[in-house]
Amino acid sequence: MAPGCFRSSETTQRWVTGQTSWLRWRSSRVGTFYRGWIKVKNGDVTEGMSLLRSSMAAYRASGQQAWMPHFISLQAAAYEIAGQVEEALTLLDDALQIVEGTGERWFAAELNRDKGQLLLRQGHTEAAEELYRKALGIAEEQGAKLWELRAAVSLARLRRDHGRRAEARDLLAPVYDWFTEGFDTQDLKEAKALLDELA
């Protein structure tokens, strides 16, 4: 299962609540972390944030580094949901520093895109565009098509919102056209809807 799938609380819930045979996984720090994420996504922000903080602290204390940027990005998304955008940005900066320090770059494109979204929310359009372009470049270099699609959608939306509709379509269309399956997934549905709007 692709790590980005855990952005969906529905997918995460299936994993954590027993539609998997990984009973040991469910009771681990990682399982607790995802239970916290589900709670935040389902509106129980206080309890969810508490689980996220405690499981992240335990995970860090264990000395584990694997998947740390991904976990931090979900924690940052939870802070965003809670309306704590500055804290979310600080977490994403932390995750990007870990990427640089460890070389664990598989999630680098998504981290840059996430940071761009937060900066755009604060009105920093140029900084957001720069991060979207960086995310797109990293994803292209890695051949990470899901991350490339997400970065292209974010950048295309930004360009659309600034009257650059033709540029937006020219950017997104070839990325979308690469896919031959998965058209019922949320990412591809959003890309298709945007392309239809830009037509």
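The distance from the CG atom of Leu120 to the CZ atom of Arg157 is 11.0 Å, given to the nearest 0.5 Å. Note that CZ of Arg165 and CG of Asp170 are 12.5 Å apart. Values are rounded to the nearest 0.5 Å. Of the inter-residue distances, the one linking Asp114 atom CG with Leu119 atom CG reads 11.0 Å to the nearest 0.5 angstrom. Atom-to-atom distance recorded for Glu80:CD and Leu91:CG is 11.5 Å, nearest 0.5 angstrom. Expressed to the nearest 0.5 Å, how far CD1 of Ile138 lies from CZ of Arg113 amounts to 12.5 Å. Put simply, CG on Leu74 and NZ on Lys41 are 9.5 Å apart, with the number rounded to the nearest 0.5 Å.
For Phe183 and Tyr176, the distance between ring centers is under 6.0 angstrom. Between Trp147 and Phe107, the gap from one ring centroid to the other is short of 6.0 Å. Ring pair Tyr59/Phe71: centre-to-centre distance below 6.0 Å.
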Item to check | From CA spacing to verdict: side chain to side chain contact (heavy atoms under 4.5 Å, CB included), Trp37, Asn42 | outcome: CA-CA 9 Å; Trp37 173 241; Asn42 289 334; over 6 Å; no
Checklist entry - Are Phe33 and Leu52 close enough, and set up right, to give a side chain to side chain contact (heavy atoms under 4.5 Å, CB included), and what steps lead you there? => result CA-CA 5 Å; Phe33 184 87; Leu52 287 170; 3.4 Å; yes
Item to check | Stepwise side chain to side chain contact (heavy atoms under 4.5 Å, CB included) test for Thr46 and Lys39 | outcome: CA-CA 9 Å; Thr46 303; Lys39 286 185 177 290; over 6 Å; no
Item to check | Stepwise side chain to side chain contact (heavy atoms under 4.5 Å, CB included) test for Ile72 and Leu92 | outcome: CA-CA 7 Å; Ile72 292 172; Leu92 290 175; 5.6 Å; no
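With hydrogens and angles disregarded, no donor-acceptor distance shorter than 3.5 Å links the side chain of Ser154 to the backbone of Ala151. Arg160 places no side-chain N or O within donor-acceptor distance of the main-chain N or O of Ala168, the cut-off being under 3.5 Å. In this structure, the side chain of Glu104 engages the main chain of Trp67 through a donor-acceptor pair within 3.5 Å. Here the side chain of Gln142 pairs a donor or acceptor atom with the backbone of Arg105 at under 3.5 angstrom.
Residues Leu194 and Leu149 are members of one and the same hydrophobic cluster, defined by side-chain heavy-atom contacts under 4.5 angstrom among Ile, Leu, Val, Met, Phe, Trp and Tyr. In this structure, Leu136 is not a member of the same hydrophobic cluster as Leu195, with clusters built from ILVMFWY side-chain heavy atoms closer than 4.5 Å. Taken together through direct or relayed side-chain contacts under 4.5 Å among Ile, Leu, Val, Met, Phe, Trp and Tyr, Met49 and Leu89 form part of one hydrophobic cluster. The cluster map of Ile, Leu, Val, Met, Phe, Trp and Tyr, joined by side-chain heavy atoms under 4.5 Å apart, puts Leu198 and Leu158 in different clusters. Put simply, Leu171 and Trp178 are part of two different groups of oily side chains (I, L, V, M, F, W, Y) that touch within less than 4.5 Å, one to the next.
Under a cut-off of 6.0 angstrom, the local environment of CD in Glu190 is crowded, with over 12 non-hydrogen atoms contributed by other residues, nucleotides or ligands. No more than 12 heavy atoms of other residues, nucleotides or ligands sit less than 6.0 Å from atom NZ of Lys192.
No hydrogens or angles considered: a donor-acceptor pair under 3.5 Å links the side chains of Glu86 and Gln122. Arg35 and Thr32 share a donor-acceptor pair across their side chains, judged by distance under 3.5 Å alone. No hydrogens or angles considered: nothing links the side chains of Gln117 and Arg121 as a donor-acceptor pair under 3.5 Å.
Taking each heavy atom of Leu111 and Ser73 in turn, the nearest pair found is CD2-CB, 3.6 Å. Heavy atoms only, all atoms of each residue included: Ala128 and Gly116 are closest at CB-O, 3.3 Å. For the pair Asn112 and Ala108, the tightest heavy-atom approach, listed with the atom from each and the gap, is ND2-O, 2.9 Å. The shortest non-hydrogen separation linking Gly36 to Leu51 is CA-CB, 3.7 Å. The nearest pair of heavy atoms linking Gly182 to Leu188 is O-CD1, 3.0 Å. Between Ala191 and Leu172, the closest heavy-atom pair is O-CD2, 3.7 Å.
A salt bridge links Arg60 with Asp94: the closest approach of a Lys/Arg side-chain nitrogen to an acidic carboxylate oxygen falls below 4.0 angstrom. Taking a cutoff of 4.0 Å between a charged side-chain nitrogen and a carboxylate oxygen, Arg150 and Asp187 qualify as a salt bridge. Salt-bridge check for Glu129 with Arg133: passed, with a basic side-chain N closer than 4.0 Å to an acidic carboxylate O.
For the pair Arg169/Arg164, no side-chain contact is recorded, criterion being any heavy-atom separation below 4.5 Å from C-beta on.
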